[in-house]
Protein chains: 2
Amino acid sequence: MDMKLATEIGKCLSNSVRLQIMEWLKDPENHFPPHESLKHFNDGVCVSYIHEKSGLSQSTISTYLSNMEKCGILISTRHGKWSYLKRNEVLILEYSTFLLNEKNGEITINS
Amino acid sequence: MDMKLATEIGKCLSNSVRLQIMEWLKDPENHFPPHESLKHFNDGVCVSYIHEKSGLSQSTISTYLSNMEKCGILISTRHGKWSYLKRNEVLILEYSTFLLNEKNGEITINS
DNA sequence: TAAATATATCGACATTTCTCGATATGTCGG
DNA sequence: CCGACATATCGAGAAATGTCGATATATTTA
């Protein structure tokens, strides 16, 4: 993983509301009502549901989500007038792995 | 992992120099000269070596490292007049795991 | 095509972070 | 105890981020 990308991902994860969104999206069924239009959560959750739950303004959340998509940790899919957001688990795994020190192999406590 | 702690860790990792320091400390032997006093890297690297390599001022780096230690991703050990910093691999692993979605089990591509 | 709804973008101001030089504190060697 | 060196803290100005309301754009439906 490229340092520049990793820094951008870090920025997305450095704010409690954005981090909370990442948590909610781990398990949309348990954090959001079913959507009136789509019957599944395959593409995640629409912006307005995230907005309502967040307590921040629509414009703020829209910008957050847009930046999170720009760096790749979220994937956006449009269905009609709704934008659905879901986690990009592959990139998150890459980032997560990048943070670890592969030199350690399995982590050893009490070196 | 607590959301508040995770947010603080995210802030530490949201700056390219701090992220770079985390990278250097994965493998001190290959990024820093041997210390004049200590013959090993068991406790990491002293502040001044990190400072020199970073290109930022001593006060900036001191503050960076202090904050990184405060949230726990670095561990500081004093030896005489030197402070040595090393990665807290255990906490980094916890954070890294927190980011992942355990609901997925092993990650599946192409859902 | 006009109204309604969902989302995106803009401009502005408040808050936080970045970053420095100056200075304080801690520690060793003489 | 004093001078030298390592690190920490302080105060300040610059830059970035947070956050909003207003407005623009897109899409569906009447």
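Letters A, B, ... mirror the listed sequences (proteins, then strands); counts begin at 1.
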What one-letter contact string describes nucleotides 10-21 of chain D from 5' to 3', where B marks a base within less than 4.0 Å of any protein heavy atom, S marks contact via sugar-phosphate atoms alone, and - marks no contact?
-------SSBBB
Can you check the B/Lys70 NZ to D/dT7 P distance for me, whole Å?
17 Å
Can you tell me how far CE of B/Met3 sits from CE of A/Met22, rounded to the nearest 0.5 angstrom?
10.5 Å
If the condition is side chain to side chain contact (heavy atoms under 4.5 Å, CB included), which residues does A/Thr63 pass it with, not counting sequence neighbours?
A/Asn67
Is any side-chain heavy atom of A/Leu91 closer than 4.5 Å to one of A/Met1?
yes
Qualifying residues under ring-ring contact (aromatic ring centres under 6.0 Å, His included), relative to B/Phe98, sequence neighbours excluded
none
With sequence neighbours left out, write down each residue that passes salt bridge (Lys or Arg N to Asp or Glu O under 4.0 Å) with A/Lys53, or none if nothing qualifies.
none
Using modelled atom types and a 3.5 Å cut-off, is there a donor and acceptor pairing between side-chain atoms of A/Asn88 and backbone atoms of A/Leu74?
no
Go along nucleotides 24-30 of chain C 5' to 3' and tag each nucleotide: B for a protein heavy atom under 4.0 Å from its base, S when only backbone or sugar atoms are that close, - otherwise.
--SSS--
Quick one: OG1 on A/Thr77 to NZ on A/Lys86, what's the gap to the nearest 0.5 Å?
5.5 Å
Any pair counted as ring-ring contact (aromatic ring centres under 6.0 Å, His included), so long as it reaches residues 46-82 of chain A, sequence neighbours left out
A/His35-A/Tyr49, A/His35-A/Trp82, A/His79-A/Tyr84
For DNA chain D, which residues of residues 42-54 of chain B approach it to below 4.0 angstrom with any heavy atom?
B/Cys46, B/Val47, B/Ser48
Ordered by number, residues from residues 21-30 of chain A within less than 4.0 Å of DNA chain C (heavy atoms) are none
Which whole-number value in Å describes the distance from B/Asn67 CG to D/dT7 P?
17 Å
Applying side chain to side chain contact (heavy atoms under 4.5 Å, CB included) to A/Ser59 and not counting sequence neighbours gives A/Ser57
Do any N or O atoms from the side chain of B/Ser62 and from the backbone of B/Gln58 form a donor-acceptor pair under 3.5 angstrom?
no
Just do the side-chain contact (heavy atoms from CB on, under 4.5 Å) check on B/Asn101 and A/Arg87 with the steps written out, would you?
CA-CA 9 Å; B/Asn101 190 350; A/Arg87 290 164 50 102; 3.7 Å; yes
Who passes side chain to side chain contact (heavy atoms under 4.5 Å, CB included) against B/Thr7, sequence neighbours left out?
A/Ser16, A/Leu19, B/Lys11
According to side chain to side chain contact (heavy atoms under 4.5 Å, CB included), who are the partners of A/Ser66, at least two apart in sequence or on a separate chain?
A/Lys70
Approximate separation, where rounding is to 0.5 Å, of A/Ile9 CD1 and B/Ser14 OG:
12.5 Å
May I have the distance from B/Leu65 (atom CG) to D/dA6 (atom P), rounded to whole angstrom?
16 Å
Mark yes or no for whether B/Arg18, through its side chain, and B/Cys12, through its backbone, hold a donor-acceptor pair below 3.5 Å.
yes
End-to-end axis angle, where each axis spans five pairs of the helix from C/dT1-D/dA30 to C/dG30-D/dC1, to 10°
30°
